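Just so it is clear, the model here is predicted, and its values are computed rather than measured. Convention: sequence-line order gives letters A, B, ...; per-chain numbering from 1.
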There are 4 protein chains.
Amino acid sequence: MAPTTRQPAEHQDPPAADAPASPAARGKGRPRSAAADQAILDATREALAELGWGGLTMGDVAQRAGVAKTTLYRRWPSKSELVVDAIASLFDQLECADRGSLQADIEAVVARFAELLTLPETQAALLALFAEGSRDPQLRRRIRERIVQPQKVLVELGRANAQARGEMDPDRDPAAADEEIGIIFDTIAGTVEHRLLVSGEPVTPEWIRRFTTLLLGPFPGLLHRPAAGA
Amino acid sequence: MAPTTRQPAEHQDPPAADAPASPAARGKGRPRSAAADQAILDATREALAELGWGGLTMGDVAQRAGVAKTTLYRRWPSKSELVVDAIASLFDQLECADRGSLQADIEAVVARFAELLTLPETQAALLALFAEGSRDPQLRRRIRERIVQPQKVLVELGRANAQARGEMDPDRDPAAADEEIGIIFDTIAGTVEHRLLVSGEPVTPEWIRRFTTLLLGPFPGLLHRPAAGA
Amino acid sequence: MAPTTRQPAEHQDPPAADAPASPAARGKGRPRSAAADQAILDATREALAELGWGGLTMGDVAQRAGVAKTTLYRRWPSKSELVVDAIASLFDQLECADRGSLQADIEAVVARFAELLTLPETQAALLALFAEGSRDPQLRRRIRERIVQPQKVLVELGRANAQARGEMDPDRDPAAADEEIGIIFDTIAGTVEHRLLVSGEPVTPEWIRRFTTLLLGPFPGLLHRPAAGA
Amino acid sequence: MAPTTRQPAEHQDPPAADAPASPAARGKGRPRSAAADQAILDATREALAELGWGGLTMGDVAQRAGVAKTTLYRRWPSKSELVVDAIASLFDQLECADRGSLQADIEAVVARFAELLTLPETQAALLALFAEGSRDPQLRRRIRERIVQPQKVLVELGRANAQARGEMDPDRDPAAADEEIGIIFDTIAGTVEHRLLVSGEPVTPEWIRRFTTLLLGPFPGLLHRPAAGA
DNA sequence: TCGTAATCGAGACGGTACGTCCTGTCTTATC
DNA sequence: GATAAGACAGGACGTACCGTCTCGATTACGA
């Protein structure tokens, strides 16, 4: 009588829009509407920008998306998870062309971050998501995968470019390199977030230049500066 | 049906525990219980640590404090304002003794921040408050006054100490100095918050040392380094 | 932590509008609105007549009554209990004057029953309530107390009148008398209900006369009893 | 979006298990599973007995029957219609052998009714069906045909037997006879239902005897009829 | 010493969103 | 064309908090 083997794919996230899924594993019933997925995420971003995190309602999102609440809950177990995915789509278009110098690259990254954090939907959602994540490890992992990691990749990419250009010493120790990346990334992301979302002050090109300069001080080993040590 | 003449000082914040208030202005009726204020703030911190921001309920706080909801709402207009005050009391004990060098002072400040952000009540509340604040300018101002500013003071203090010790150039332009402080502060606070609350990784003494070193790179004009290469 | 002694009078039925309640026992908080009670019961009857049992919604009743759903659930734990009380008020005005003969009294009772069962709210509710009651002993008891018993009293009254008039033998055995009342009552109530609500045919004065005659003895023409006394 | 040409015999009741259907009329596609019909009706009765009317779910019935909801809705347009058919099968086995006297025949009929109304599935369904029927004439007709009529036939049969035995006057007026049957039937059915389902008391042989006696004439002790016994 | 007035605990109040459940329809692929 | 599977729109459910209100009961101060 107790549901032992039941578990008919409730709360199963929509596929990442690329995974083809093994053709045999294709479920038997009516397939989930891909249009609904998109409509829901769009509606979520729209509502977020309009009403903020606190004003965001599952029922309202469903209504905007022209979808029943059931359909929404079938895919996302909670507001937080839904918003992670809705916001994530803004972050996975991040890219960073090689601009010729580490300073220029970092400035571009910072500018890109700032641009994203200025969107009303991001403003509304980001800190709230982080706050929720501090209680829910599952959610925190998801945030890290879908939102934080894509940002971090930029920093890693910038570093790789700098090395390729010979601006930096080649890595002596990959583990230490990882940790350096971590510090740099926390610093860039954290500072921009704090500036925009907590202090509430704008990120101007001038500010970016000064912050980047601060960052590029003689971080031991980060920069290959033959003259500095000589 | 509408209240006619009543309006006896609703939502009036509790005095900052020091202002004696002009004795004439003291109302006629029964004075507010000072014990209640403290019990409420304590209960708020306790509930925050236990249940997190999302689980925090005005009714629950009232019950824990042994107080009626009315009493609570008479003093704080909303959950956010209440939590600001509850958390603020953790931040206004911040202080920073002169440790003899700028590096040591900054390390101490970072360590102090990290220590505060590790408390469960702070973890639960800080980002949520910032998130709320992004929609409510009134609240944001309050957060800035009660929580952000006391932290910033530490940085300003550290800078003053460094100048007094001759580690830094005297300020040529007070406005530029303010902006420098701003950048430094956003960087310190933002990075620590991001590290602890978003990345979810610990702030160890080693990490502090490396981060501080990164920070103390040749920020133009911050450091008085007459012989950088010497 | 577990709620041991809590139990703040949730789902406590509204008083029967007459019980004065011991003055000491008067609760401490804001007293329940008596107007709400009445508005809810009125709204229930109205909605019942309009939408039928199946169309009756707690939310709709609340809205019609100008009352929050909470208020409704504070007093009645379920739709069934609410409807019992709403319908009961129709049944507790039942009375039966002495019309001079048993036949006349019974005819009056039957007519009164039929009249009540013709009201749209009763039509909608009665069978549904009985159906619900067949699963829920608690509810069944309540139905019996509030709806069935007031009807039964009529029959008992009629019998007492008949005895007072000398139309009937005085009771030899009170227990047997009780059982007779039971049979008679089940017959009167059941038959009228079945006629009106199941067969869906009207209860005319002619039908009442014939049914009463059947009840009171040799139904003319039904039985061929050449020697009834033999 | 609207279905254009489709309409392949939706909601067409299953044949009455005896009509072979003209072989030409058999559709082209896969024939309906006859086993499914039976499984569904069995599952319905089972679920009714277990969960009651309110707990009965189309989805649950389908699952118990090992059948898709589609299959269920293809045959019965709604829960009520399904239950009518499921319950009807219990009533169409009614029969009444001639027991030699009107009293004995009626007692047998009453006992048979009571027996049926004691089954948990009938308890759960009967009044609920009647209640539903009071709003839906279509359903009411169906209930009358499948459930009420088979019961009524018993009474008619008993009457015919009694006439054949000479216990009753031959009918002078067929219309009046019909009406008499109607009254008697409403009385028998209604009383038994009320006794069992509303009053919730058992129908014992003793009760049956007393009720039948009441029905058939001078209820002992109820009426003081000095002339009747003289 | 009283009355006035604002406080207190308690809990009912109108609302709003929640997340679940069921209905009856639909869209698949399979038989 | 029937079938099993299950997604779909819609709507009611009963619960939980919100922030306000209305009680009776306390305190203080000023008349």
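Rounded to whole Å, atom P of F:dC8 lies 18 Å from atom OH of D:Tyr73. Atom pair A:Gln63:CD and F:dG11:P shows a separation of 10 Å (rounding to whole Å applied). Between C:Lys28 atom NZ and E:dC8 atom P the separation is 16 Å, expressed in whole Å. In this structure, C:Leu72 atom CG and E:dC13 atom P are separated by 10 Å, rounded to whole Å. In this structure, C:Met58 places its CE atom 6 Å from P of F:dG14, rounding to the nearest Å. Between A:Ile40 atom CD1 and F:dA7 atom C1' there is a gap of 12 Å when expressed in whole angstrom units.
If you check residues 42-57 of chain A against DNA chain F, you find no residue with a heavy atom closer than 4.0 Å.
For the pair C:Lys79 and C:Thr70, nearest-nucleotide mapping onto DNA chain F gives the more 5' position to C:Lys79. Two residues, A:Ser33 and D:Gly66, neighbour DNA chain F, and the one matched to the more 5' nucleotide by heavy-atom proximity is D:Gly66. Both B:Ala65 and C:Ala65 lie near DNA chain E, and the one whose nearest nucleotide falls closer to the 5' end is B:Ala65. Between C:Ala68 and B:Ala68, it is B:Ala68 whose nearest contact on DNA chain E lies nearer the 5' terminus.
Residue A:Arg74 places at least one side-chain N or O under 4.0 Å from the OP1 or OP2 atom of F:dC8. Contact annotation: C:Ser78 side-chain N/O to F:dG14 OP1/OP2 distance is not under 4.0 Å. Using a 4.0 Å cut-off, some side-chain N or O of D:Arg75 falls inside it from OP1 or OP2 of F:dT3. Residue C:Thr71 has a polar side-chain atom (N or O) positioned under 4.0 Å from OP1 or OP2 of E:dG14.
Evaluation of the side chain to side chain contact (heavy atoms under 4.5 Å, CB included) rule for D:Ala62 yields D:Lys69, D:Leu72 as partners, not counting sequence neighbours. Shown here are the side chain to side chain contact (heavy atoms under 4.5 Å, CB included) partners of C:Ala131, two or more places apart in sequence or in another chain: D:Leu127, D:Ala128.
The base of F:dT26 sits with one of its N or O atoms less than 3.5 Å from a complementary donor or acceptor on the side chain of B:Arg30. With hydrogens and angles left out, the side chain of C:Lys69 and the base of F:dG14 share a donor-acceptor pair within 3.5 Å.
Taking a cutoff of 4.0 Å between a charged side-chain nitrogen and a carboxylate oxygen, B:Arg142 and B:Asp85 qualify as a salt bridge. Using a 4.0 Å cut-off between charged side-chain N and carboxylate O, A:Arg32 and A:Asp37 make no salt bridge.
Considering only the side chain of C:Pro31, F:dC23 comes nearest among F:dC23, F:dA5, F:dC8.
Judged purely by atom type and a 3.5 angstrom limit, D:Thr57 has no side-chain atom pairing as donor or acceptor with the backbone of D:Asp60.
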Quick one, C:Lys79 with C:Trp53, criterion side-chain contact (heavy atoms from CB on, under 4.5 Å). Give me CA distance, side-chain angles, the key distance, then yes/no. CA-CA 9 Å; C:Lys79 178 166 150 175; C:Trp53 169 270; 3.7 Å; yes
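No more than 12 heavy-atom neighbours from other residues, nucleotides or ligands sit within 6.0 angstrom of CD on C:Gln63.
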